[in-house]
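Chain letters run A, B, ... following the sequence lines, proteins first, then strands; residues in each count from 1.
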Number of protein chains: 2
Amino acid sequence: MSTYTSGSFKAELNEKGWRLTPQRQTILQVFQDLPEGKHLSAEELYSVLQGQGEKISLSTVYRTLKLMARMGILRELELAEGHKHYEINQPYPNHHHHLVCIQCNKTIEFKDNSILKVGLKQTEKAGLHLLDCQLTIHTVCPEALRQGWPSLLPSNWSCLRWHSLP
Amino acid sequence: MSTYTSGSFKAELNEKGWRLTPQRQTILQVFQDLPEGKHLSAEELYSVLQGQGEKISLSTVYRTLKLMARMGILRELELAEGHKHYEINQPYPNHHHHLVCIQCNKTIEFKDNSILKVGLKQTEKAGLHLLDCQLTIHTVCPEALRQGWPSLLPSNWSCLRWHSLP
DNA sequence: ACAATATTGCTACTCATTTTCAAGAACTTT
DNA sequence: AAAGTTCTTGAAAATGAGTAGCAATATTGT
Ligand SMILES: [Mn+2]
Ligand SMILES: [Mn+2]
Ligand SMILES: [Zn+2]
Ligand SMILES: [Zn+2]
């Protein structure tokens, strides 16, 4: 549930010398209406907009995604090979992380508060300013395994190797 | 400290119907000789190879990086905008994560065993096969904040603190 | 409403990565 | 060890996500 009203969005834009445009409002609305666990790439967002009859150019889509990510309104994710995905950036307690099947790109979200604590601790220790903290778990799903992925897995590369943790 | 001898590398390649070539051996060696905390992009690896007098084409560099990442020998990281970085993929206790300044891309490594535990727990819970688990902490330097990040920065501005590093 | 300037929608462009394909090299089988 | 098979390489061309340039347009502050 995003906390951005069109008013607060405008205020935040203007504060940086930027402007509220119908295109930006529309794109923010698309993300706010997005079902939980859904992420959009630039091309996917462009399709959604076209499906709604909105005439926003692909350039503007790219520019707006980048702008809103820098503002901290959107979160930029590397969930698939070759292009980024975006979602509304929600603070605790909705902050979450992702499991991704690198074969079919199926994504599962999960929450774990300890991750953010680690992020804060390490960021403080390094004297930096925390922007985001993303745990991405690369996996292959059983379906992918059945479809031949195992032939690409070396004998000594198995999740079993991790079971020897202290 | 990698566990790959040229013999075990060959065995693992052959097991999948692939071949040990001088190019692949050389590239593995470069990663094994890389200092702790250093990561290489495809272009950077290509430069290193040229500096060593090795005549390996950029195509082969890209192909080898991808192959070795799929084999689990290398880890593919998203540490900078626009291109990937690679490092030797080392299991516990050398498994680690990264803090990255999104302005100058300087990277700091850190270890935290709890992350891997979270990764294992979530992967099991989802019934998937774990390949890798990467916590990436996005930050900006204090210098960038002082300069007015994110709106008042010239596109070529870079955090000064890292420029004096070796 | 006006002036200043930020944004849009084109199009052309960049550049990391992939593909194509013929020549050469590594395993496998005589 | 030579021959056969298949994989790999290098060079060049292609791909494709994302960006830059620019004139027209829209938003903001006065
Ligand atoms: Mn998500
Ligand atoms: Mn590293
Ligand atoms: Zn899958
Ligand atoms: Zn920095």
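- Both B:R19 and B:T60 lie close to DNA chain D; mapped to their nearest nucleotides by heavy-atom distance, the more 5′-ward contact belongs to B:R19.
- At a threshold of 4.0 angstrom between heavy atoms, the contacts of B:L20 are confined to the sugar-phosphate backbone, with no base atom among them.
- The distance from atom CD of A:Q50 to atom C1' of C:dG9 is 13 Å, rounded to the nearest whole Å.
- Computed from coordinates, the B:K84 NZ to D:dG18 P distance equals 11 Å when rounded to whole Å.
- Going from atom CG of B:L45 over to atom P of C:dT17 covers 12 Å, rounded to whole Å.
- Using a 4.5 Å cut-off on side-chain heavy atoms (C-beta onward), B:I73 and B:L28 make contact.
- Side-chain nitrogen and oxygen atoms of B:K66 include at least one within less than 4.0 Å of the OP1 or OP2 phosphate oxygen of C:dT18.
- At C:dG9, none of the side-chain N or O atoms of A:S59 fall inside 4.0 Å of OP1 or OP2 (strictly under the cut-off).
- Note that CE of A:M68 is 12.5 Å distant from CD of A:E76, once rounded to the nearest 0.5 Å.
- Here B:T21 reaches the OP1 or OP2 of D:dT9: one of its side-chain N or O atoms lies under 4.0 Å away.
- A straight line from CH2 of A:W18 to C1' of C:dT8 spans 17 Å, rounded to a whole angstrom.
- Note: CG (A:L58) to C1' (C:dG9) measures 11 Å, nearest angstrom.
- For C:dA25, the OP1/OP2 oxygens have no side-chain nitrogen or oxygen of B:Q23 closer than 4.0 Å.
- Nearest to the side-chain atoms of B:N14 among the listed nucleotides C:dC27, D:dT27, D:dG18 stands C:dC27.
- Closest contact between the side chain of A:R24 and the listed nucleotides C:dT17, C:dT8, C:dC27 involves C:dT8.
- Taking atom CD of residue A:E78 and atom P of nucleotide C:dT17, one finds them 11 Å apart after rounding to whole Å.
- Between B:K10 and C:dC27, a side-chain N or O to OP1/OP2 separation shorter than 4.0 Å is present.
- A:E54 places its CD atom 11 Å from the P atom of C:dG9, with the value rounded to the nearest Å.
- A:N89 and A:E87 share no donor-acceptor pair across their side chains, judged by distance under 3.5 Å alone.
- Under the 4.5 Å side-chain criterion, counting only non-hydrogen atoms from C-beta, B:K106 is not in contact with B:C141.
- With hydrogens and angles ignored, a donor-acceptor pair closer than 3.5 Å exists between the side chain of A:R63 and the base of C:dG9.
- Between A:Y62 and D:dG18 there is a side-chain polar atom (N or O) within less than 4.0 angstrom of OP1 or OP2.
- Nearest to the side-chain atoms of B:H83 among the listed nucleotides D:dT6, C:dT17, C:dA6 stands C:dT17.
- Two residues, B:L13 and B:E81, neighbour DNA chain D, and the one matched to the more 5' nucleotide by heavy-atom proximity is B:L13.
- Nearest heavy-atom pair across B:H96 and B:F110 is CB-O, 3.3 Å.
- Listed by chain and residue number, B:K84 satisfy the salt bridge (Lys or Arg N to Asp or Glu O under 4.0 Å) test with A:E81 (two or more places apart in sequence, or in another chain).
- Here the P atom of nucleotide C:dG9 and the CG atom of A:L49 are 10 Å apart, to the nearest Å.
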